[in-house]
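Comments concern the structure below.
The figures that follow rest on heavy atoms only: side chains count, while hydrogens, waters and symmetry mates do not. As the structure lists them, so they are numbered: ligands from 1, and atoms in each ligand from 1.
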Amino acid sequence: MAMPGIEYRSVSCDIWKEVADIVGEENLSKDLIQLASYSRDIWTRKTIEMQMGNLPAPPQLVVWPQTVDQVQRLVRFAAGKNIPIIPLGAASGVCGGTIALKGGITIDLKKMNRIRNLDRKSMLAEIEAGAVGEVLERELNHQGYTLGHFPSSIYCSSFGGWVATRGAGQLSSRYGKIEDMVSSVEVVLPNGELLRTRAVPRSSTGPSLNHIFIGSEGTLGIITAATVRLWDFPKAREFQGFMFPDLHQGLDAIRLMMQSELKPAVIRLYDPVDTYFSSKGTLEEKPKPKKLGLSGNRGLVRFARKVLPYIYSPGLPNRFLQSQAKASKMILIFEGEPEIVAMEHRQAKEICSRSGGIDLGEWPARNWWKHRYRVSYTMSKVFDLGFFVDTIEVATVWDNLENLYYSMQAAISKHALVMAHFSHAYPQGCSIYFSIAASGRSLEDRLATYDSLWKDALDACMQAGGSLSHHHGIGILKAKWMETEEGGANPLLKALKRAVDPHGIMNPGKMGI
Ligand SMILES: Cc1cc2nc3c(=O)[nH]c(=O)nc-3n(C[C@H](O)[C@H](O)[C@H](O)COP(=O)(O)OP(=O)(O)OC[C@H]3O[C@@H](n4cnc5c(N)ncnc54)[C@H](O)[C@@H]3O)c2cc1C
């Protein structure tokens with residue numbers, strides 16, 4: 001069956017039969033509708049192209065293995081025939097990581113979703129890669145634990161995808177990023193062999209093999225399981241909001257909190273423009289969102305519908321918003337043992353007040369907690385209105401943070417409305433998460449704007465000494481900047497890829513290696 005806008009590469013009967021022998025006929029598909037649904041992830045560029053009537057060419061087969069042995073046999077089969085393999089968790093990636101650039105077989109791991117082992121004494125769990133985030137967290141909660149990893153995509157991303165992209169959850173300041181949680185990995189290598197590292201607290205047996213595969217985005221092997229640390233389900237949770245007269249004071253407060261060994265589960269500082277849009281009845285000094293009908297996400301959509309269709313050049317609105325909005329809102333959430341939580345909360349309040357913050361009480365943080373996943377799932381409305389939205393997440397050390405922020409803000413402002421928040425903080429530095437919205441007179445125009453925007457943004461990031469990605473990874477989107485960031489290490493990564501995957505079958509074309 002042909003479908004307009006889809007370039008279909010068929011698969012021979014022999015290949016179909018051999019793969020069916022490995023996984024069973026009910027666990028593979030070459031149905032064009034199924035294949036089309038596997039042709040892309042949530043990369044915004046591909047959403048714009050889809051609006052233009054084009055989907056990337058899909059894989060030739062989609063397979064749902066149920067065991068490690070099946071994955072090994074699939075990989076051996078593909079390696080023997082030089083067929084590309086694309087590992088897939090839930091396709092919530094935002095950088096094009098699951099696009100079958102050279103056709104081949106997409107291996108969807110969702111049927112491998114068990115918690116294999118829960119070691120209560122060591123507080124470790126061995127989990128299969130295909131477990132979907134929210135389901136996994138709920139299962140762990142029933143056992144009295146939390147994994148502490150809560151990406152905004154928790155309902156639509158997989159455990160293996162988190163490990164493969166070095167993801168971060170909303171509570172990372174307390175629980176760490178996924179790489180801080182993993183103590184061992186199980187990987188099917190591109191020749192079909194199985195590598196299992198040992199679950200140990202620490203070791204000194206050469207460079208860490210775990211860290212070769214964490215963040216490798218399917219280019220070096222298929223992660224079939226990993227062992228991660230668990231935490232007791234928190235007994236107490238406390239909420240706090242602050243408003244700072246400016247961004248600098250808010251950032252200083254975060255730095256001081258992180259450097260005095262506080263571990264807030266959530267620490268989010270909104271830049272003045274984001275504060276302008278997201279504040280609701282919290283402070284007299286704030287701009288007047290109510291008058292403009294701008295409160296919350298719905299307010300943003302209403303605002304977009306009314307005003308933005310007439311603005312294809314965002315320079316002016318950005319300048320207006322950046323000059324009007326001054327204050328920066330912070331939300332803090334502490335969780336864990338009640339006494340420690342109360343002590344951390346007290347200490348954080350003291351630091352924030354000393355840094356010029358005005359106490360907003362608990363409401364802003366409670367409100368954020370209640371709606372913490374909502375914003376991510378309302379974006380399609382904005383596309384329907386004729387805009388595109390995207391996010392750019394970078395990181396740097398404290399000494400360079402404001403430089404990176406202002407450099408990138410200036411670069412993006414030429415192309416899109418831009419706001420940012422700071423939500424993954426460390427004693428040494430912090431990430432910046434830019435949210436952008438732009439339009440164009442035609443879809444072609446939108447695509448051109450999209451490309452120039454990313455180019456200018458990442459060029460500015462590289463020039464200002466930031467890291468290309470704090471947690472979304474590289475995929476296709478950021479591949480061409482890898483060399484600039486990794487410098488001398490890039491040939492090393494390429495050599496590693498050649499050694500592990502000599503025929504280049506594992507997720508070809510990704511990460512610039
Ligand atoms: C609404 C929304 C909110 C988001 N919020 C966050 C957030 O808060 N934090 C965050 O970190 N990210 C976030 N993301 C990005 C995305 O959810 C993460 O990158 C996530 O880790 C991807 O998981 P996945 O299972 O969907 O992976 P996929 O998109 O299926 O794959 C991502 C990459 O990893 C590879 N891969 C997947 N599984 C495996 C495996 N088992 N073995 C080897 N390679 C594999 C793929 O080939 C691909 O290159 C968000 C995305 C959306 C759409």
Side-chain angles (χ1 to χ4, degrees), residues 38 40-44 46-47 59 62 65 68 71 75 84-101 104-113 127-134 136 149-172 177-179 185-190 195 212-226 266 268 372-380 389-391 393 421 423-424 431 433 435 469-479 501 506-511 513:
Y38 278 85
R40 66 183 194 105
D41 55 9
I42 311 289
W43 183 14
T44 291
K46 294 296 156 188
T47 307
V62 179
V68 174
V71 177
V75 172
I85 287 176
I86 304 97
L88 183 138
S92 72
V94 287
C95 307
T98 57
I99 296 175
L101 283 175
I105 303 177
T106 288
I107 299 189
D108 180 342
L109 290 136
K110 271 188 226 70
K111 289 195 178 176
M112 295 174 63
N113 58 6
I127 300 162
E128 290 183 340
V132 169
E134 171 67 13
L136 170 63
H149 192 76
F150 302 91
S152 306
S153 55
I154 193 164
Y155 289 94
C156 63
S157 59
S158 74
F159 176 68
W162 299 345
V163 179
T165 54
R166 270 185 121 84
Q170 295 171 340
L171 277 57
S172 70
K177 282 182 82 209
I178 198 77
E179 67 262 32
V185 292
E186 179 187 87
V187 182
V188 174
L189 299 173
L195 174 101
I212 289 178
F213 296 98
I214 300 172
S216 63
E217 300 186 22
T219 60
L220 299 175
I222 302 185
I223 300 162
T224 44
V266 174
R268 287 171 86 88
R372 63 195 182 280
Y373 300 125
R374 196 179 67 182
V375 67
S376 303
Y377 300 99
T378 53
M379 294 307 176
S380 49
V389 284
D390 208 349
T391 56
E393 29 67 59
H421 65 258
S423 53
H424 304 280
S431 78
Y433 189 95
S435 301
S469 175
H470 174 264
H471 56 269
H472 285 164
I474 301 298
I476 303 171
L477 171 62
K478 304 169 201 167
D501 182 17
M506 290 303 308
N507 210 2
K510 310 296 158 49
M511 284 183 70
I513 55 166

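Once rounded to the nearest 0.5 Å, the distance linking NE2 of His149 with CG of Leu136 reads 10.0 Å.
Near Leu109, the atoms of ligand 1 lying under 4.0 angstrom from a non-hydrogen atom of the residue are 40 (C), 41 (N). For ligand 1, the atoms lying closer than 4.0 Å to a non-hydrogen atom of Trp162 are 21 (O). Shown in contact with Ala129 at under 4.0 Å from a heavy atom are these atoms of ligand 1, numbered in order with element: 41 (N). For ligand 1, the atoms closer than 4.0 angstrom to any heavy atom of Gly89 are 25 (O), 30 (O), 37 (C), 38 (N). Ligand-side atoms of ligand 1 in range of Gly221: 43 (C), range being under 4.0 angstrom from any heavy atom. Less than 4.0 angstrom separates some heavy atom of Gly167 from each of these atoms of ligand 1: 11 (O). Which parts of ligand 1 touch Asn507 is read off a 4.0 Å heavy-atom cut-off, strictly below it: atoms 47 (O), 49 (O). Heavy-atom proximity to Glu217, at under 4.0 Å, picks out these atoms of ligand 1: 35 (C), 47 (O), 49 (O).
Considering both main-chain and side-chain atoms, Ser157 never comes within under 3.5 Å of ligand 1 through any nitrogen or oxygen pair. Between Ala90 and ligand 1, an N or O atom pair is found at a separation short of 3.5 Å. Any N or O atom pair closer than 3.5 Å counts here, and Ile223 shares at least one such pair with ligand 1. For ligand 1, the polar-atom distance check finds no N/O of Ala164 at less than 3.5 Å from any of the ligand's N/O atoms. For ligand 1, the polar-atom distance check against Ile222 finds no nitrogen or oxygen pair separated by under 3.5 Å. Considering backbone and side-chain N/O atoms, Gly97 comes within less than 3.5 Å of an N/O atom of ligand 1. Considering both main-chain and side-chain atoms, Gly169 never comes within under 3.5 Å of ligand 1 through any nitrogen or oxygen pair. An N or O contact shorter than 3.5 Å links Ser92 to ligand 1 by distance. By the 3.5 Å distance cut-off applied to N or O atoms, Ala91 is counted among the residues near ligand 1.
For the pair Lys177 (side chain) and Arg166 (backbone), a donor-acceptor distance under 3.5 Å is present. Side-chain atoms of Lys110 do not come within 3.5 Å of backbone N or O of Ser158 as any donor-acceptor pair. Put simply, the side chain of Glu217 gets close to the backbone of Gly475: a donor and an acceptor are under 3.5 Å apart. Under a 3.5 Å cut-off, the side chain of Asp41 and the backbone N or O of Gly97 do form a donor-acceptor pair.
When all heavy atoms of Phe213 and Leu195 are compared, the closest pair comes out as CE1-CD2, 3.5 Å. The two residues Met112 and Val71 make their nearest non-hydrogen contact at SD-CG2, 3.7 Å. When all heavy atoms are compared, the tightest approach of Lys111 to Pro65 is CB-O, 3.6 Å. The minimum heavy-atom distance between Asn507 and Pro87, with the atom names listed, is CB-CD, 4.2 Å. Nearest approach of Val389 to Thr44, heavy atoms of both residues: O-OG1, 2.9 Å. Taking both residues in full, the closest heavy atoms of His472 and Thr391 are given as CE1-OG1, 3.3 Å, listed atom of the first, atom of the second, then distance.
Between Tyr373 and Tyr155, the ring planes are perpendicular. Angles over 60° get that label, and only those under 30° would be called parallel.
At a heavy-atom distance under 4.0 Å, no atom of Asp41 approaches ligand 1.
A salt bridge links Lys478 and Glu393; the closest N-O separation between the charged side-chain nitrogens and carboxylate oxygens is under 4.0 Å.
Here the shortest heavy-atom distance to atom 50 (C) of ligand 1, taken over Ser153, Gly160, Gly215, Gly218, belongs to Ser153. Among Cys95, Gly93, Pro151, the residue whose heavy atom lies nearest to atom 7 (C) of ligand 1 is Pro151. In the candidate list Gly161, Ala131, Cys156, Gly161 is nearest to atom 27 (O) of ligand 1, counting heavy atoms.
Using a 4.0 angstrom heavy-atom cutoff, Ala168 counts as in contact with ligand 1. Under the 4.0 angstrom criterion for non-hydrogen atoms, His472 is in contact with ligand 1.
Side chains of Ser423 and Gln170: a donor-acceptor N/O pair is absent below 3.5 angstrom, by distance only.
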